[in-house]
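Presented below is the structure to which this report refers.
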Amino acid sequence: VQLQASGGGLVQPGGSLRLSCAASGRTFGTYAMGWFRQAPGTKREFVATISYGGSTYYADSVKGRFTISRENAKNTVFLQMNSLKPEDTAVYYCARARGMAGTSDPQEYTYWGQGTLVTVSS
């Protein structure tokens with residue numbers, strides 16, 4: 001399984017970005033997916049997860065601003081990020097869980113993408 005994240009870039013505070021993560025493999029739709037992020041000098045932290053059935057769960061820091069979604073026919077998961085803040089600056093990683101249920105535990109994810117950099121700055 002390979003995951004390819006894209007869509008990062010430089011955006012001003014208050015702006016929006018949409019990240020995409022394309023996955024290889026025929027069983028994409030049967031696994032939960034997640035987004036994590038890591039800022040310089042910090043641990044990787046959970047952002048959002050979506051189950052195989054479409055149930056979602058968010059970190060408190062992004063709730064109401066970020067939306068995770070998936071398009072199983074295209075083996076792709078998205079992260080729509082609105083009202084971006086400087087503290088959202090990080091490398092964002094997509095990951096595939098070992099099971100169908102969404103989870104915030106990074107140890108429950110077996111495959112990781114290479115990361116895409118999001119910089120929020122004026």
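Note that this is a predicted model, so its numbers are computed, not measured.
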Among Ile, Leu, Val, Met, Phe, Trp and Tyr joined by side-chain contacts under 4.5 Å, find the other residues sharing a cluster with Y93 and list them by chain and number. F36, F46, Y57, V91, Y109, W112, L117
For the residue pair S20 and T76, what are the closest heavy atoms and their distance? CB-CG2, 4.4 Å
Treating Q2 as the side-chain partner and A23 as the backbone partner, does any N or O pair qualify as donor plus acceptor under 3.5 Å? no
For the residue pair S121 and P13, what are the closest heavy atoms and their distance? C-CD, 3.6 Å
Please lay out, stage by stage, how T110 and Y31 fare under the test side chain to side chain contact (heavy atoms under 4.5 Å, CB included). CA-CA 11 Å; T110 52; Y31 294 95; over 6 Å; no
Distance-only, no hydrogens or angles: does the S51 side chain make a donor-acceptor pair with backbone N or O of G102 under 3.5 Å? no
Check: R96 side chain, V1 main-chain N or O, donor-acceptor pair, under 3.5 Å: no
Main-chain N/O of T42 paired with Q38 side-chain donor or acceptor, under 3.5 Å: yes
Cation over ring face, R37 and Y92, 6.0 Å, 45°: no
Do Y58 and V120 belong to the same hydrophobic cluster, where Ile, Leu, Val, Met, Phe, Trp and Tyr are linked whenever their side-chain heavy atoms lie under 4.5 Å apart, directly or via other members? yes
side-chain contact (heavy atoms from CB on, under 4.5 Å) partners for D60, two or more places apart: K63
Nearest 0.5 angstrom please: L79 CG to M33 CE, how far? 11.5 Å
Review item, side-chain donor-acceptor pairs of residues 80-87, under 3.5 Å, at least two apart:
{"from": "Q80", "atom 1": "NE2", "to": "N82", "atom 2": "OD1", "distance (Å)": "2.9"}
{"from": "N82", "atom 1": "OD1", "to": "S16", "atom 2": "OG", "distance (Å)": "2.9"}

